[in-house]
S.K.: 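Structure below; questions to follow.
A note on names: the letters A, B, ... follow the listed sequences, proteins ahead of strands, and every chain is numbered from 1.
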Protein chains: 2
Amino acid sequence: MKNKIKVLRAEYELTQEQLAEKVDVSRQTINAIEKGKFDPSLPLAFKISKLFKMSIEDIFQNE
Amino acid sequence: MKNKIKVLRAEYELTQEQLAEKVDVSRQTINAIEKGKFDPSLPLAFKISKLFKMSIEDIFQNE
DNA sequence: TTATTATGTAAAGTTTGTTTTACAAATATA
DNA sequence: TATATTTGTAAAACAAACTTTACATAATAA
């Protein structure tokens, strides 16, 4: 699953660390998701979606 | 996290078993999600969303 | 250049999602 | 009623998400 987190994070001028704090996960988790190492849980996807004011479907693309 | 799977499943006249087959998980997984025991993974949420032709946000409600 | 900040990554451990097997209870059908 | 189907649930095992610690590299600022 692909995602636009890196781009959105740049638009919002947030470091991985800052984004991690805002959505309550570790920096490594954000890094792993950006690098496609694993997918976020649905609750985390919701938090990211809310923060960036975009739908989950617009941020995450299934395959 | 709440969800409308039970209602959608009824509209589509699918048993838990049939829905499970269509989205490639076990019947117990569907049951657990319907009963709110845990949240689906994001990939599973996408499959369910696609099957019912509704957005993830319309099927799953955060908190 | 040196120091600081940001990113990539890895290993060990915990938590949560999922499977399998199994059985009991509820609901529908004969 | 009796039988079959559907749903609820539970335990053990496994997989995936996530944390913590730690270190190395890349980029930025002093």
Side-chain angles (χ1 to χ4, degrees):
Chain A
M1 181 140 46
K2 297 223 61 171
N3 68 75
K4 298 175 179 161
I5 294 179
K6 188 165 189 172
V7 173
L8 290 167
R9 193 167 56 75
E11 287 176 7
Y12 279 75
E13 296 183 38
L14 295 173
T15 65
Q16 291 182 345
E17 176 75 45
Q18 291 168 334
L19 172 55
E21 280 169 19
K22 284 183 187 283
V23 297
D24 261 317
V25 291
S26 69
R27 176 180 69 83
Q28 286 77 354
T29 292
I30 296 298
N31 187 280
I33 293 170
E34 277 192 11
K35 307 293 282 183
K37 299 213 175 136
F38 53 70
D39 300 318
S41 66
L42 185 56
L44 178 51
F46 264 98
K47 285 185 184 178
I48 293 170
S49 161
K50 188 173 181 182
L51 179 66
F52 290 137
K53 302 179 180 19
M54 285 179 61
S55 73
I56 289 177
E57 287 85 351
D58 282 344
I59 300 177
F60 302 93
Q61 296 87 37
N62 210 9
E63 77 231 82
Chain B
M1 183 141 48
K2 294 226 62 171
N3 69 73
K4 298 177 178 160
I5 296 179
K6 189 166 188 173
V7 173
L8 290 167
R9 192 167 58 73
E11 286 175 8
Y12 280 74
E13 295 184 37
L14 294 173
T15 65
Q16 293 182 342
E17 175 76 44
Q18 290 168 334
L19 171 56
E21 280 170 18
K22 283 181 187 284
V23 295
D24 261 316
V25 291
S26 68
R27 176 181 69 81
Q28 285 77 355
T29 291
I30 297 298
N31 187 281
I33 293 170
E34 278 192 10
K35 306 293 281 183
K37 298 213 176 135
F38 52 72
D39 301 318
S41 67
L42 185 56
L44 178 51
F46 264 99
K47 285 186 184 178
I48 294 171
S49 161
K50 189 174 181 184
L51 179 66
F52 290 137
K53 302 178 180 21
M54 284 179 62
S55 73
I56 288 176
E57 287 86 350
D58 280 345
I59 300 177
F60 301 93
Q61 296 85 39
N62 208 11
E63 82 228 80

S.K.: My understanding is that only residues two or more places apart in sequence, or in another chain, count here; which of them pass side chain to side chain donor-acceptor pair (under 3.5 Å) with A/Ser55?
M.R.: A/Asp58
S.K.: Is there side-chain contact between A/Val25 and A/Ile33, with heavy atoms separated by less than 4.5 Å?
M.R.: no
S.K.: Rounded to whole angstroms, how far apart are CD on A/Glu17 and P on C/dT7?
M.R.: 9 Å
S.K.: With sequence neighbours excluded, what pairs up with B/Glu13 under the side chain to side chain contact (heavy atoms under 4.5 Å, CB included) test?
M.R.: none
S.K.: How bent is the helix from C/dT1-D/dA30 to C/dA30-D/dT1, comparing axes over its five end pairs at each side, to the nearest 10°?
M.R.: 40°
S.K.: A/Glu34 has an atom CD; how far is it from atom P of D/dA17, in whole Å?
M.R.: 16 Å
S.K.: Could you note down all residue pairs passing salt bridge (Lys or Arg N to Asp or Glu O under 4.0 Å) where residues 20-33 of chain A supplies at least one of them, sequence neighbours left out?
M.R.: none
S.K.: Hydrophobic clusters here meaning ILVMFWY residues chained together by side-chain heavy-atom distances under 4.5 Å, can you tell me if A/Ile56 and B/Met54 are in one?
M.R.: yes
S.K.: Does B/Ile5 form a side-chain contact (heavy atoms from CB on, under 4.5 Å) with B/Leu19? I'd like the steps, not just the answer.
M.R.: CA-CA 10 Å; B/Ile5 296 179; B/Leu19 171 56; 3.7 Å; yes
S.K.: Under the side-chain contact (heavy atoms from CB on, under 4.5 Å) criterion, do B/Val23 and B/Ile30 qualify, and how do the steps go?
M.R.: CA-CA 9 Å; B/Val23 295; B/Ile30 297 298; 4.1 Å; yes
S.K.: Atom CG of A/Leu19 and atom C1' of C/dT5: how far apart are they, to the nearest Å?
M.R.: 17 Å
S.K.: In Å and rounded to the nearest 0.5 Å, what is the CG to CG distance from A/Leu14 to A/Leu8?
M.R.: 10.0 Å
S.K.: Hey, are the side chains of B/Ile48 and B/Asn3 touching, using non-hydrogen atoms and a 4.5 Å cut-off?
M.R.: no
S.K.: Does any pair with a residue in residues 34-52 of chain B pass salt bridge (Lys or Arg N to Asp or Glu O under 4.0 Å), and if so which ones, sequence neighbours excluded?
M.R.: B/Arg9-B/Glu34
S.K.: What protein N or O atoms touch nucleotides 27-30 of chain D N or O atoms at under 3.5 angstrom, if any, and at what distances?
M.R.:
none

S.K.: Check each residue of residues 4-15 of chain A for a non-hydrogen atom within less than 4.0 Å of any atom in DNA chain C, then write out the ones that pass by number, or none.
M.R.: A/Lys6, A/Arg9, A/Thr15
S.K.: Do nucleotides 13-30 of chain C as a string where each nucleotide becomes B, S or -: B if the base has a protein heavy atom under 4.0 Å, S if just the sugar-phosphate does, - if no protein is that close.
M.R.: ----SBBBBB--------
S.K.: Can you sort out the partners of B/Tyr12 under ring pair (Phe, Tyr, Trp, His ring centres under 6.0 Å), two or more places apart, ordered by chain and number?
M.R.: B/Phe52
S.K.: Look at B/Asn31 and D/dT7 and indicate whether a side-chain polar atom (N or O) is within less than 4.0 Å of OP1 or OP2.
M.R.: no
S.K.: Looking at residues at least two apart in the chain, or sitting in another chain, which of them share a side chain to side chain donor-acceptor pair (under 3.5 Å) with A/Ser49?
M.R.: none
S.K.: Just N and O in the side chain of B/Gln16: are any of them under 4.0 Å from OP1 or OP2 of D/dG8?
M.R.: yes
S.K.: Please, which pairs that meet ring-ring contact (aromatic ring centres under 6.0 Å, His included) have at least one residue in residues 24-45 of chain A, sequence neighbours excluded?
M.R.: none
